[in-house]
Protein chains: 2
Amino acid sequence: MKSKKATIHDIAKKLNITASTVSRALKNDPRISKATKKAVTDKANELDYQPNHIASALRSGKSQLIGVVVPIIDRTFFSAVIRGIEEVAYGLNYRVVVSQSNEIVKHEVSTINALLNARVDGIIASLGKNTRDLEHYQNVIDKGVPLVLFDRTTDDLLTNQVIIDDYLGGYMATEHLIKQGYRKIVHFTTVNAVNIYKERCRGYRQALSDYGIPFDEDLVSRGDMQLEDGIQGITKMLEQGIVFDAIFSSSDYAAAGAMQVLKKKGVRIPEDVGVVGFSNEQFTDLTDPPLTSIKQFPMEMGHVAAQLFFDALEHPNKKPHPKKTVLQPELIVRASSLRND
Amino acid sequence: MKSKKATIHDIAKKLNITASTVSRALKNDPRISKATKKAVTDKANELDYQPNHIASALRSGKSQLIGVVVPIIDRTFFSAVIRGIEEVAYGLNYRVVVSQSNEIVKHEVSTINALLNARVDGIIASLGKNTRDLEHYQNVIDKGVPLVLFDRTTDDLLTNQVIIDDYLGGYMATEHLIKQGYRKIVHFTTVNAVNIYKERCRGYRQALSDYGIPFDEDLVSRGDMQLEDGIQGITKMLEQGIVFDAIFSSSDYAAAGAMQVLKKKGVRIPEDVGVVGFSNEQFTDLTDPPLTSIKQFPMEMGHVAAQLFFDALEHPNKKPHPKKTVLQPELIVRASSLRND
DNA sequence: ATAAGTTGTGCAATCGATTGCATAAACTTG
DNA sequence: CAAGTTTATGCAATCGATTGCACAACTTAT
């Protein structure tokens with residue numbers, strides 16, 4: 001069973017024609033006669049011919065690979081985006097190579113370089129939390145390799161982007177709480193200045209302002225957005241005696257952490273405190289009470305990112321205004337913020 | 001800024017030597033003099049030479065790619081395994097191509113073929129739920145491409161495997177419930193005959209037997225192990241008036257679903273009913289009460305899988321007894337099963 | 001019937017790195 | 001010092017597909 005793989009030369013030999021003709025026949029080149037094409041494809045099937053992508057990659061300079069770089073793979077959000085990218089890519093006979101930076105800048109740099117090295121045809125990436133220096137991405141652009149950024153992006157690179165309207169998400173979350181009658185709304189956000197969190201915060205402030213509620217810096221807690229940060233953030237507020245009646249957390253994890261603390265203290269959710277998270281993680285259905293959150297449509301984001309990538313691939317040297325696609329988030333109301341007043 | 005990439009020929013030309021010498025110098029071939037090696041590496045740095053993997057893949061027949069096939073990427077378990085594989089692979093200068101079958105047999109088949117087609121050096125895979133026919137995997141083996149199966153495996157293929165001791169996991173979970181004083185233990189398992197669920201069930205039955213508790217088929221609920229299946233499974237039992245005081249679910253999701261129903265009915269957890277899940281998903285900390293579960297060490301599983309892969313790579317034609325590595329799971333006790341009696 | 005165009009294939013170079021074999025130069029050794 | 005070794009490098013083919021150019025065989029137009 002270990003027959004060598006058939007090549008176009010094998011096909012050519014059997015048919016007494018040359019490899020070039022076979023190659024053209026398989027690519028449906030108009031210069032080849034119908035009869036020859038049929039003979040070639042028949043013989044190809046007979047020999048179970050599988051084109052060697054590596055050879056054609058070498059010759060054509062195209063690897064049919066897209067490199068995808070994400071901070072971390074085991075978040076519903078990122079893996080769903082990847083799935084979205086894959087769906088589009090596979091349909092166009094491209095493969096996807098996924099790498100994680102694990103939020104470590106050094107990894108991000110080396111992984112980007114490794115991908116360039118592997119001659120991927122382009123890169124789709126989301127920035128790490130701590131990424132300040134963008135040289136490695138600039139390098140990608142300079143080499144003429146198509147680059148698409150999604151979600152955690154930056155405007156400091158002239159390249160295509162897909163983002164969620166995080167501002168709107170923050171606004172919707174906050175407005176929802178206000179309409180439910182909450183007034184003193186805590187906000188969990190990050191210490192670092194990642195675009196998405198800044199935008200969510202901006203939405204929060206705008207909603208407050210629109211409803212005539214003064215912004216209070218004391219109500220803002222800054223952390224790393226993990227479960228633990230939510231626990232500590234809310235604990236500190238309680239200790240400091242800060243009065244609040246709701247939480248809008250830019251992360252579902254931190255929101256869940258805060259809920260745990262509050263419940264342990266006997267604070268009722270949503271009666272005493274309403275809670276809204278962000279991202280609509282899988283577990284938002286499973287907390288008690290279920291957590292209201294902002295849904296982001298990550299699959300669609302993947303689709304769009306891949307689409308932008310293929311667009312860029314088709315117009316290599318043409319670098320007009322990079323496109324920025326903004327997707328709309330959606331508020332998913334669950335019990336954690338539903339006060340029956 | 002768009003200078004062509006340097007090749008070994010460029011280096012050779014500049015140094016008045018041939019490409020073969022450059023190639024050997026870079027690979028640290030002992031036949032090349034130290035002086036030449038230094039000159040070559042210096043010049044390589046100067047020109048920012050990056051080896052073209054595609055060219056060497058073509059020549060050597062090695063793509064430096066590992067294909068990984070998983071049923072679904074956005075499960076903590078699978079993404080952690082992938083991360084484990086990546087860690088090992090990257091250290092050895094291999095890249096990982098991840099594909100999802102989405103539990104669809106047709107996708108699994110086509111993705112396997114696509115990977116073979118892309119000339120990956122080997123495949124690491126976990127079977128889809130509904131995969132019965134193993135021809136596509138047999139095909140991989142027949143072509144002499146190293147294959148490692150993990151978690152959802154089969155003994156019908158002569159190839160390396162890494163699995164968790166699911167039997168032990170099932171046993172530990174059940175024994176724990178028994179020791180907490182629960183006697184009538186419901187078990188959630190699958191309809192299909194995937195190895196891991198069968199083993200967990202076997203552990204469940206053995207533990208019952210060891211503690212002198214008769215096995216009762218009425219207490220077994222078979223479904224697809226999603227949240228919804230847990231909801232329906234337990235609802236049906238309640239309707240049928242089946243008496244139980246604990247649940248061991250082979251899936252955290254189904255366990256969470258059951259908890260939701262029980263709480264809504266006013267059943268107290270863990271006082272009235274104890275619950276144990278399986279997989280230690282991220283959300284197990286977040287349910288109310290937190291869910292006791294079986295931890296699987298997926299990163300380590302990834303490490304081992306990659307290790308087995310590289311072993312197989314080094315001994316190509318040598319096919320002795322395929323190795324089967326079994327990892328130990330761990331019981332993580334949380335409030336859902338802690339009855340203070 | 002001859003010039004001009006069309007059609008279908010073949011030839012050979014190319015992508016970049018690798019490698020078996022050959023060979024020149026330098027070095028040993030009896 | 002001749003013969004054998006070792007050392008360092010070059011030559012040229014190879015991996016498999018692609019592609020610009022050439023060209024033979026026909027067809028059409030004048």
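Here is the naming used below: chain letters follow the sequence lines, and residue numbers restart at 1 for every chain.
Note: Ile73(A) CD1 to Thr76(B) OG1 = 11.5 Å, rounded to the nearest 0.5 Å.
Direction of the helix axis in the helix from dA1(C)-dT30(D) to dG30(C)-dC1(D) shifts by 50° between the two five-pair termini, rounded to 10°.
Summarising the geometry, the separation between CG on Leu58(B) and C1' on dA13(D) is reported as 13 Å, rounded to the nearest angstrom. If you take CD of Gln50(B) and P of dA17(C), they are 11 Å apart, rounded to a whole angstrom. Regarding Arg59(A), its CZ atom lies at a distance of 13 Å from the P atom of dA13(C), rounded to whole Å. The NZ atom of Lys62(B) sits 16 Å away from the C1' atom of dA17(C) (whole-angstrom rounding). The distance between atom NZ of Lys34(B) and atom C1' of dT9(D), rounded to the nearest whole Å, is 18 Å. Atom CD in Gln64(B) sits about 14 Å away from atom P in dA17(C), given to the nearest Å. Protein atom CD1 of Ile11(A) is 8 Å distant from nucleotide atom P of dA17(D), rounded to whole Å. The distance between atom CG of Asp10(B) and atom C1' of dG16(C), rounded to the nearest whole Å, is 10 Å.
For the 3.5 Å distance criterion, the side chains of Ser126(B) and Asp151(B) fail to qualify, holding no donor opposite an acceptor. Using modelled atom types and a 3.5 Å distance limit, the side chains of Gln161(A) and Thr325(A) yield no donor-acceptor pair. The closest side-chain donor-acceptor pair between Asn52(B) and Thr7(B), if any, does not fall under 3.5 angstrom. The closest side-chain donor-acceptor pair between Asn28(B) and Lys37(B) falls under 3.5 angstrom. No side-chain donor from either of Glu135(B) and Asn139(B) sits under 3.5 Å from a side-chain acceptor of the other. Residues Ser20(B) and Ser23(B) have side chains that never bring a donor and an acceptor to within less than 3.5 angstrom of each other.
Taken residue by residue, residues 14-33 of chain B places heavy atoms nearer than 4.0 Å to DNA chain C at Ser20(B), Ser23(B), Arg24(B), Lys27(B), Arg31(B). Listed in residue order, the members of residues 41-49 of chain B having a heavy atom less than 4.0 Å from DNA chain C are Tyr49(B).
For Thr7(B), the listed nucleotide lying nearest its side chain is dG16(C); candidates were dG16(D), dT18(D), dG16(C).
Aromatic ring pairs are classed by plane angle as parallel below 30°, tilted from 30° to 60° and perpendicular above 60°; the pair Phe309(B) and Tyr94(B) is perpendicular.
A salt bridge between Asp10(B) and Lys43(B) is absent, with no side-chain N of the basic residue lying under 4.0 Å from a carboxylate O of the acidic one. Salt bridge Arg152(B)/Glu103(B): present, at least one basic N to carboxylate O contact under 4.0 Å. Salt bridge annotation for Arg83(B)-Glu86(B): absent, with no cationic side-chain nitrogen under 4.0 angstrom from a carboxylate oxygen.
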